[in-house]
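Remarks on the structure that follows.
Within every chain, numbering begins at 1; the chains are lettered A, B, ... in the order of the sequence lines, protein sequences first and strands thereafter. Small disclaimer: the values here were computed from a predicted structure and weren't measured.
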Amino acid sequence: MSVKRFDEYIAKHSKDPDRELQVLNLGPTHPSTHGIFQNILLMDGETILDSEPTVGYIHRAFEKLVEHRPYYQITPITDRLNYCSAPINNIGWEMTVEKLAGIEIPKRAQYIRVIIMELARITDHLICNSILGVDTGAFTGFLYVYQIREKVYDVYETICGGRLTSNIGRIGGLERDLIPEAIQKIKDLLEQSKKTFGEFEKLMNRNRIFMDRTIGVGAISAERALNYGFTGPNLRATGVDYDVRINEPYSSYEDFKFNIPVGSAGDTYDRYCVRQAEIWESISIIEQALKNLPDGDYATSDSNFYLPKKQDVYTKMEALIYHFKVVMGESDVPVGEVYNCVEGGNGELGFYLISDGSRTPFRLHFRRPCFIYYQAYAEMIKGQMLSDAVATLSSLNVIAGELDA
Amino acid sequence: MARTGSTITADSSVQELADHGFVLTKFDQIVGMARKNSLWPLPFATSCCGIEFMSTMSAHYDLAQFGSERNSFSPRQADMLLVMGTIAKKMGPILRQVYTQMAEPRWVISVGACACSGGIFDTYSVLQGIDKIIPVDVYVPGCPPRPEQILAGVAKLKEIVQNESVRRRDSPEYKTLLRSYGIDIV
Amino acid sequence: MALNIQQVIDQLDSRFAGQFGNVESSYGMTTIQVRKSAIFDIVKFLKEELSFILLTDVCGAHFPDNDLDMRFAAIYHLHNLVENVRIRMRVFLPEENPEVDSMTPLFESANWQERETYDFFGIRFINHPNMTRILNMDEMEVFPLRKEYPLEDAGRADKDDRFFGRTIHNE
């Protein structure tokens, strides 16, 4: 593969004795690219002069696929978008349908959703930060905090049965209540994660090697970041305190007290610190939610969308009819268009849904934060060393499945 | 090991040999044993299953205990190609190139429904199973498979490796197989 | 100064009267339907005068049952982060040669999103620096998200319709 403008540049400057020009192909199966991104780099020695990114190596046609699936069957598909924090995608999609159909969710279900989403945020951030450690030469941190991820999987299994692709929740609430065992597991997890993340931060935060490798690397200003459509931790690392959970609170986020950590320089180290601080905020949110967990139902009673209880299906005609209606995807949805967004692991995860009233969406567009901010990568690595480009990529936490959809 | 006082003669039984610390086996078996206990994986992770592979190789499930300590990211030094995740049509030629860059003997594990058959992504852009472009030895189903399943797939591959004839890679059948995929034999 | 969506509409009205119509609000978001010729100026005005500094989203849609000159739509979501106001704009495009101005001079983030829209629907963006496919292969000839194209790969031989309960009679 060759890029014409690189070849021309090299041809023009090849006589220059001070320069060592070459074209380097990074990816799509490079070990340190975490997912399949290709960047063709124009190098002068170790310095990157220009780059040409190629994406689409894992394009799975989500947006076409969802036009052929009834609403409730789309939840498992959203799992595969950002698979590092699948529950946020699930719940974001469910809330989109609930917004369209005007379904009210009981307070308890909203709190449980908050707990699940914050657990997912922790797992997303921890994988990003620990992989950043691996890319800068510290494998230990990864192995250490990955245990927390296993513990979170354990919680997911208790709540919904799935591990990575969780298919958590249903349109109209949750599939089942949070059992005491799950609550106990979450409490244990929080205790352990405080200890683990404390030690992880002791290992990384003021680590001379880590700081030298990350401070000032891959920096972007707030103006450029906004122009590139950054959201989420990467935007907050530049100093903009935009967070969907605060700006447009959903699922009772207004009930919780938490801070929005922001950085200042927008470099790799700031992104690391913002994510790490958000993990602590998430832990605090989960603790508040567990403490104030309201009693009541865990799902709506709107039987047009939510499956009736199994014993009713066996004994009552009405429930059986609704059961079939939901399973066959024949529930009536209003005609209209909805944009719903949640704060995903990487930023504003939006669902733009056009409904024509039929059993499948007429058009469903995912606003994938990764896809939008990965465009800035070429600008961010310009003039950097090759090894810094790798650190920058992992600190951006670009998830291939979400990028290419 | 219990040692008897007897000396070894041409008439010694297998048990007597074993008692002296000898093993009687076939060359194939000894090569298979050596190969199966240090399979260097090449993780070709594209999506969700790649995250489960990270679980598999991290402390909790620890793939290293089965002889796969070193992840070989260079195809030249790898023995088993673990294809994890959806392979889009755009990615197909790259997967094939990685496979052809691997040195013989090489094995392929297809991890996850997408790699095995396209999975839920029965769409215009997804390759419906990697066995359309490269030969596969072990299929691991699941979307994504649990780490235990990936380990079971590796164990299954070890069985295959143990029992593989050293001449298999030179056999006309194998060459026909590769040729049917359009892969040139070096 | 708090800015609400009505003030935005009023300001647009005084500036671009007749260039847009069909202001409708649903599900907490106001949608305006903009003429193709005015979209760039309106987005520019919104960005520079009313500080809608985040282009949240650009996407396309295909309406095969609409009139010939409204078969495609390019849809923009803009967000004013300070006042927390969102606005959605829709531009209808004709079946023949759907073209609209690119937002790349205003927002870098529009670059790939417009390429994606081109890739999916064949909507061309004028003045785009690199109007090529992004997710699919360059060799692809169709625009797969148009409604007339099937979801599944047409070249599949292993999938016998009889085994999926599909015959010519029940389609």
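B:P144 is not listed as a side-chain neighbour of A:R163, based on a closest heavy-atom distance of 4.5 Å or more. Put simply, the side chain of B:V126 does not reach to within 4.5 Å of the side chain of A:I58, judged on heavy atoms. Residues A:R60 and B:S47 form a side-chain contact, since some pair of their non-hydrogen atoms from C-beta on lies under 4.5 Å apart. Here the side chains of B:I120 and A:P76 are not in contact, with every heavy-atom distance at 4.5 Å or above. The side-chain heavy atoms of A:I131 and B:M54, taken from C-beta on, include a pair separated by under 4.5 Å. Looking only at side-chain heavy atoms (C-beta outward), A:L65 and B:F121 come within less than 4.5 Å of each other. Between B:S125 and A:K64, the closest side-chain pair of non-hydrogen atoms is not below 4.5 Å. Residues A:H59 and B:T86 form no side-chain contact, since every pair of their non-hydrogen atoms from C-beta on lies 4.5 Å or further apart.
Of the two parts of B:T123, only the side chain, counted from C-beta on, holds a non-hydrogen atom closer than 4.5 Å to a non-hydrogen atom of chain A. In this structure, no portion of A:Q73 lies under 4.5 Å from any heavy atom of chain B. In this structure, the portions of B:C143 lying under 4.5 Å from any heavy atom of chain A include both its backbone and its side chain. Neither the backbone nor the side chain of A:V134 comes within less than 4.5 Å of any heavy atom in chain B. With a 4.5 angstrom heavy-atom cutoff, A:Y144 does not touch chain B via any of its atoms. Heavy atoms closer than 4.5 Å to chain B are found in the side chain of A:A400, but not in its backbone.
Considering only residues two or more places apart in sequence or on other chains, B:D131 meets the side-chain hydrogen bond (donor to acceptor under 3.5 Å, both in side chains) condition with B:Y139.
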Checklist line | From CA spacing to verdict: side chain to side chain contact (heavy atoms under 4.5 Å, CB included), B:K90, A:T54 | finding: CA-CA 11 Å; B:K90 200 172 178 177; A:T54 314; 4.2 Å; yes

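The nearest pair of heavy atoms linking A:Y83 to B:T46 is OH-O, 3.6 Å.
For B:Q101, the CD atom sits in a packed shell: over 12 heavy atoms of surrounding residues, nucleotides or ligands are nearer than 6.0 Å.
Considering only heavy-atom pairs separated by less than 4.5 Å from chain B, the leading option among A:D404, A:I399, A:T165 is A:T165. Per-residue heavy-atom pair counts under 4.5 Å with chain A were compared for B:S58, B:S74, B:P75, and the maximum is reached by B:S58.
Interface with chain B: from residues 146-154 of chain A, residues A:Y146, A:R149, A:E150, A:Y153 qualify, criterion being any non-hydrogen pair under 4.5 Å.
To the nearest 0.5 Å, atom OG of residue B:S55 and atom CG of residue A:L164 are 7.5 Å apart. To the nearest 0.5 Å, atom CD1 of residue B:I94 and atom CD1 of residue A:I36 are 8.0 Å apart.
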